[in-house]
Amino acid sequence: MLNIQNYINGTFQDPIKDNWIDNYNPSNGEVYGQIPNSHIEDVEQAYQGAKSAFKLWSKTTLEERSRILIKISELLEENLQRFAEAESKDNGKPVSLAKSIDIPRAASNFRFFGNAITQFASESHESVGQSAINYTLRQPIGVVGCISPWNLPLYLFTWKIAPALAAGNCVVAKPSEVTPMTAFLLGEICNEAGLPKGVLNIVHGLGTSTGQAIVEHPDIKAISFTGGTATGAHIAKVAAPMFKKLSLELGGKNPNIIFADCDYDDMLNTTVRSSFANQGQICLCGSRIFVEKSIYDKFKTDFVNKIKALNVGHPSNADTNIGALVSKPHLEKVKAYINIAQGENGTILCGGNEVTVHGYENGYYLEPTVIEVPTDECRVNQEEIFGPVVTIMPFESEEDVLKMANKVKYGLSATLWTNNLNRTMRMSNQLQAGIVWVNTWMMRDLRTPFGGVKASGVGREGGFEALRFFTEPKNVCIKY
Ligand code: NDP
């Protein structure tokens with residue numbers, strides 16, 4: 001059994017009430033450890049640790065903060081294999097994916113914000129003719145809360161923590177209860193890197209108790225949250241009367257729009273990834289595929305053939321393309337959507353069934369599933385499934401596909417495949433999304449603003465946007 005503890009004030013400790021939650025390995029369905037089921041008392045202790053550390057940390061020079069964050073990044077890189085294996089065991093994703101994407105990106109998050117803080121600046125405004133100068137002070141907020149989901153556990157956890165710490169805040173953070181392991185291991189690395197005690201506190205437990213206690217804490221002044229839209233709406237309701245600063249990165253139902261004039265092979269290979277990477281459990285996956293009518297039949301055949309060739313298997317196997325889904329309840333939710341699709345006259349072109357992996361019969365494996373839908377208005381085309389399921393349908397014209405692409409409640413990302421420059425400009429201006437990728441997918445530059453519109457969230461992370469979120473601007477006006 002691999003039990004984990006809360007990381008509070010630089011030390012590892014059991015939850016005060018000694019309550020624990022089972023931690024499952026999705027690849028075999030077995031409990032392999034326990035995690036703290038923390039309550040309000042643990043969150044209070046974490047807050048007190050953070051509050052005591054804030055005085056010193058907020059006054060630590062930028063060079064010193066930067067040095068420590070970059071050291072954390074280096075230590076993550078040195079421990080790549082160990083972290084990748086832990087992430088895979090906790091989440092079900094292929095080790096190869098955790099090793100090439102999740103852990104390197106977590107290291108990049110610390111390195112990027114360690115560097116970015118040394119370049120962060122604020123404005124000044126000279127009030128000409130009034131003999132006055134205004135400048136903007138950007139001060140850390142104090143103690144902030146960071147809450148992250150299970151799909152890209154350490155990647156998204158550090159995407160919040162790194163800018164919060166770089167900006168001089170102290171943090172009370174909670175990873176998803178479903179995937180707490182790498183957040184636990186991060187505590188060791190922070191100590192080794194010399195992060196002063198109390199600057200980062202990691203409290204494990206359920207969203208509805210531990211997470212809720214962070215959001216409800218009257219002195220945790222800002223919440224950076226990534227997760228489902230319903231949870232985001234609930235958090236906004238709790239936090240608004242306390243006038244907390246909120247950054248909400250929520251769900252998506254992203255269109256992947258394919259025109260006949262695209263670079264076909266590149267599009268096809270990338271569309272396999274944008275549909276099923278991480279078992280389709282990425283908020284940016286292009287789960288609604290719209291294909292121009294003239295190439296629809298060819299695309300359908302080629303795409304389905306490629307998907308049928310994907311290997312569903314144990315996450316540790318080097319030749320596994322699709323690992324296990326994160327949990328039994330999530331597997332059931334995704335399967336329910338496949339049934340809904342059939343009830344809505346959707347045609348399952350491939351997949352749709354659970355997979356039994358020899359030796360791991362109780363793991364949560366599902367075939368990558370492609371559903372041809374008769375209309376864009378059906379539930380499987382409107383609701384976030386967040387698993388290895390995509391819909392496909394043809395379109396006639398640019399106007400039609402634009403309408404369908406925008407006709408969902410979400411607006412996180414969109415992908416466009418075309419070599420027509422005018423169309424690229426017209427479409428990217430009108431697509432309702434926080435990110436539009438043209439002839440690529442998930443190409444990320446950490447300096448760019450990241451986030452969604454409509455039910456996909458409020459606020460932007462990334463680059464200086466994140467440092468602005470984690471600081472409070474103060475205008476100082478001096479008359480001379
Ligand atoms: P949830 O909303 O269920 O959970 C996200 C986090 O919030 C978890 O740590 C969860 O804890 C916690 N939480 C749950 N309830 C509360 C509460 N009342 N107060 C405070 N915290 C709470 O999302 P999932 O973990 O299921 O993640 C999947 C969702 O995340 C999808 O909708 C996906 O689209 C979205 N997502 C969005 C991204 C973006 O950048 N826009 C990126 C990645 C994912 P616990 O796990 O213990 O319940």
Side-chain angles (χ1 to χ4, degrees), residues 21-24 35-40 43 90-91 93 102 105 109 145-160 172-181 183 202-217 220 223-239 244 246-254 277-287 325-327 329-331 333-334 383-387 408-413 433-435 442 444 448-462 465-466:
I21 307 165
D22 288 339
N23 191 16
Y24 287 82
I35 79 160
N37 183 1
S38 307
H39 290 279
I40 197 164
V43 170
D90 223 18
N91 172 279
K93 66 178 69 204
D102 292 74
R105 173 56 191 276
N109 289 339
C146 298
I147 301 175
S148 59
W150 49 256
N151 63 326
L152 301 167
L154 195 65
Y155 175 134
L156 289 174
F157 194 60
T158 55
W159 181 233
K160 298 177 175 307
V172 176
K174 189 195 96 64
S176 170
E177 144 245 337
V178 187
T179 53
M181 188 52 74
I202 302 171
V203 191
H204 298 275
L206 299 171
T208 45
S209 48
T210 317
Q212 181 86 13
I214 294 173
V215 177
E216 282 179 349
H217 197 292
I220 296 182
I223 303 289
S224 175
F225 168 82
T226 298
T229 294
T231 317
H234 171 77
I235 287 176
K237 234 187 237 168
V238 175
K244 295 192 182 204
L246 272 186
S247 171
L248 303 173
E249 301 292 341
L250 310 176
K253 189 74 183 176
N254 311 305
N278 203 38
Q279 297 69 247
Q281 302 167 145
I282 302 182
C283 53
L284 302 165
C285 277
S287 52
L325 269 66
V326 74
S327 67
H330 191 57
L331 173 71
K333 175 192 151 183
V334 177
E383 298 174 18
E384 186 183 44
I385 301 174
F386 212 57
V408 288
K409 68 174 183 174
Y410 298 105
L412 188 53
S413 72
I435 308 153
M442 208 152 161
R444 294 280 295 119
T448 59
F450 178 87
V453 298
K454 304 198 288 188
S456 290
V458 178
R460 292 293 181 273
E461 298 184 330
E465 298 283 346

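For this chain, numbers begin at 1 and follow the sequence in order. In listed order, ligands and their atoms are each counted from 1. These numbers were taken from a predicted model, which means no experiment stands behind them.
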**Q** Considering non-hydrogen atoms of the protein only, which is the closest contact for atom 11 (O) of ligand 1, and what is the distance?
**A** K174 NZ, 2.9 Å
**Q** Nearest non-hydrogen contact with atom 5 (C) of ligand 1 belongs to which option: I214, I147, T226?
**A** T226
**Q** Can you report which non-hydrogen protein atom sits closest to atom 27 (O) of ligand 1, along with the distance?
**A** P149 CB, 3.3 Å
**Q** Only heavy atoms of E177, strictly under 4.0 Å: list the atoms of ligand 1 that pass.
**A** 45 (P), 46 (O), 47 (O), 48 (O)
**Q** In terms of residue, atom name and distance, what is the protein heavy atom nearest to atom 41 (N) of ligand 1?
**A** L250 O, 2.6 Å
**Q** Run the side-chain contact (heavy atoms from CB on, under 4.5 Å) test against P149 and tell me which residues pass, sequence neighbours left out.
**A** N151, L156, T226
**Q** Could you check atom 20 (C) of ligand 1 against the protein and tell me its nearest heavy-atom contact, residue, atom and distance included?
**A** G211 C, 3.2 Å
**Q** Does S148 reach ligand 1, in the sense of a heavy atom lying below 4.0 Å from it?
**A** yes
**Q** For the NZ atom of K454 and the CG atom of L412, what is their distance to the nearest 0.5 Å?
**A** 11.5 Å
**Q** Would you check the N or O atoms of G207, main chain and side chain alike, for any that come under 3.5 Å of an N or O of ligand 1?
**A** yes
**Q** Please determine whether any non-hydrogen atom of G232 lies less than 4.0 Å from an atom of ligand 1.
**A** no
**Q** Once rounded to the nearest 0.5 Å, what's the spacing between atom NE2 of H204 and atom CD1 of I21?
**A** 10.0 Å
**Q** Enumerate the atoms of ligand 1 whose separation from the nearest heavy atom of H234 is less than 4.0 angstrom.
**A** 18 (N)
**Q** Just need the protein heavy atom nearest to atom 32 (O) of ligand 1, so name the residue and atom and give the distance.
**A** E384 OE1, 2.6 Å
**Q** Which of the numbered atoms in ligand 1 are under 4.0 angstrom from any heavy atom belonging to T231?
**A** 1 (P), 2 (O), 3 (O), 13 (N), 14 (C), 15 (N), 16 (C), 22 (C)
**Q** What protein heavy atom lies closest to atom 35 (C) of ligand 1? Include the residue and the distance to one decimal.
**A** G227 O, 3.2 Å
**Q** Which of the numbered atoms in ligand 1 are under 4.0 angstrom from any heavy atom belonging to C283?
**A** 34 (O), 36 (N), 37 (C), 38 (C), 39 (C), 40 (O), 42 (C), 43 (C), 44 (C)
**Q** Assess the side chains of S224 and K160: does a donor N or O sit below 3.5 Å from an acceptor N or O?
**A** yes
**Q** Which atoms of ligand 1 are found less than 4.0 Å from any heavy atom of P175?
**A** 9 (O)
**Q** Which part of I282 is near ligand 1, with near meaning a heavy atom under 4.0 Å away: side chain, backbone, both or neither?
**A** neither
**Q** For ligand 1, is there an N or O atom under 3.5 Å from any N or O atom of G228?
**A** yes
**Q** Does any N/O atom on T229 come nearer than 3.5 Å to any N/O atom on ligand 1?
**A** no
**Q** For residues 279-286, which side-chain N or O atoms pair as donor and acceptor with protein atoms under 3.5 Å away, sequence neighbours left out?
**A**
| unit_1 | atom_1 | unit_2 | atom_2 | d |
| --- | --- | --- | --- | --- |
| Q279 | OE1 | G323 | N | 2.8 |
| Q281 | OE1 | V326 | N | 3.4 |
| Q281 | NE2 | N278 | O | 3.4 |

**Q** Under a 4.0 angstrom heavy-atom cut-off, which atoms of ligand 1 come close to N151?
**A** 43 (C), 44 (C)
**Q** Which atom names give the shortest non-hydrogen contact between H234 and Q212, and what distance separates them?
**A** NE2-OE1, 2.8 Å
**Q** Provide the number and element of each atom of ligand 1 under 4.0 Å from a heavy atom of F450.
**A** 40 (O)
**Q** At a 4.0 Å threshold, what atoms of ligand 1 neighbour a non-hydrogen atom of Q212?
**A** 17 (C), 18 (N), 19 (N), 20 (C)
**Q** So does Y155 get a backbone contact from the side chain of T158, meaning a donor-acceptor N/O pair under 3.5 Å?
**A** yes
**Q** Give the residue, atom name and distance (to 0.1 Å) of the protein heavy atom nearest atom 24 (P) of ligand 1.
**A** W150 NE1, 3.3 Å
**Q** Who's the nearest protein heavy-atom neighbour of atom 28 (C) of ligand 1, and how far?
**A** F386 CE2, 3.6 Å
